[in-house]
Amino acid sequence: QVQLVESGGGLVQAGDSRRLSCVASGLTFSDYAMTWFRQGPGKEREFVAGISWSGGSSYNVGSVKGRFTIARDNAKNTVYLQMNSLKPEDTAVYYCAARRYGSGRSSPSQYDYWGQGTQVTVSS
């Protein structure tokens, strides 16, 4: 049984940093692209950052480039999202998703597995 479990969310102040983690189990982690999406209140799910199964990364240039960094540790079956200089508009539920042999940037419908999400709230 495949599970993706996110953690690290919470209430932070604008300008703070936070690191999210997503631990995967039940799959060959190194075969999977891992991606972070987010969904803010009243908004559609949005691509944040992704890392391919081979390690290449991509970011939502418009909203998080330069502030967020994605990384993976295949030995720990974990993908991270380091978020710096957080803004109130970063408030959302953050989800990790896995796609076998993916590029790290695909449409949500193409992902094989999803986590349950972790809430990040940024106060001004």
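Reckoned from all heavy atoms, side chains included, excluding hydrogens, waters and symmetry mates. None of the values given here were measured: they were computed from a predicted structure. The residues of the chain are indexed from 1 along the displayed sequence.
For the salt bridge (charged side-chain N to carboxylate O under 4.0 Å, His left out) test, residues two or more places apart in sequence or in another chain that qualify with R67 are D90. In terms of the ring-ring contact (aromatic ring centres under 6.0 Å, His included) criterion, residue partners of F37 (sequence neighbours excluded) are, by chain and number, Y111, W114. Under the salt bridge (charged side-chain N to carboxylate O under 4.0 Å, His left out) criterion, E89 pairs with no residue, sequence neighbours left out. Partners of R45 by salt bridge (charged side-chain N to carboxylate O under 4.0 Å, His left out), not counting sequence neighbours: none found.
The backbone N or O of G104 sits less than 3.5 Å from a side-chain atom of T35, completing a donor-acceptor pair. Side-chain atoms of T91 come within 3.5 Å of backbone N or O of V122 as a donor-acceptor pair.
Placement of V93 and Y113 in two distinct hydrophobic clusters is found when ILVMFWY residues are connected by side-chain heavy-atom separations under 4.5 Å, directly or transitively. W53 and I70 fall into different hydrophobic clusters, where Ile, Leu, Val, Met, Phe, Trp and Tyr residues are linked whenever their side-chain heavy atoms come under 4.5 Å apart, directly or through other members. One hydrophobic cluster holds both M34 and V2 under the rule that ILVMFWY side chains link at heavy-atom gaps under 4.5 Å. Residues V23 and Y95 do not share a hydrophobic cluster, clusters being chains of Ile/Leu/Val/Met/Phe/Trp/Tyr side chains in contact below 4.5 Å.
Annotation for A98 and L4: closest pair N-CD1, 3.9 Å, computed over non-hydrogen atoms. In terms of heavy atoms, S52 sits closest to S103 at CB-O, 3.2 Å. Nearest approach of N60 to F47, heavy atoms of both residues: ND2-O, 2.9 Å. Heavy-atom minimum distance, V79 versus I51: CG2-CG2, 4.2 Å. When all heavy atoms of Y32 and T28 are compared, the closest pair comes out as CD1-O, 3.2 Å. Annotation for L20 and G9: closest pair CD2-N, 3.6 Å, computed over non-hydrogen atoms.
Sorted by first and then second residue, the side chain to side chain donor-acceptor pair (under 3.5 Å) pairs involving residues 71-85 (not counting sequence neighbours) are S17-N84, R72-N74, Q82-N84. Listed by first and then second residue, the disulfide (SG to SG under 2.5 Å) pairs that reach into residues 6-118 are C22-C96, sequence neighbours excluded.
Partner of T118 under the side-chain contact (heavy atoms from CB on, under 4.5 Å) criterion, chosen from E6, R38, R18: E6.
To the nearest 0.5 Å, the span separating OG on S124 from CD on Q13 amounts to 8.5 Å. Atom-to-atom distance recorded for E44:CD and Q39:CD is 8.0 Å, nearest 0.5 angstrom.
With no hydrogens or angles considered, no side-chain donor-acceptor pair links R105 and S58 at under 3.5 Å.
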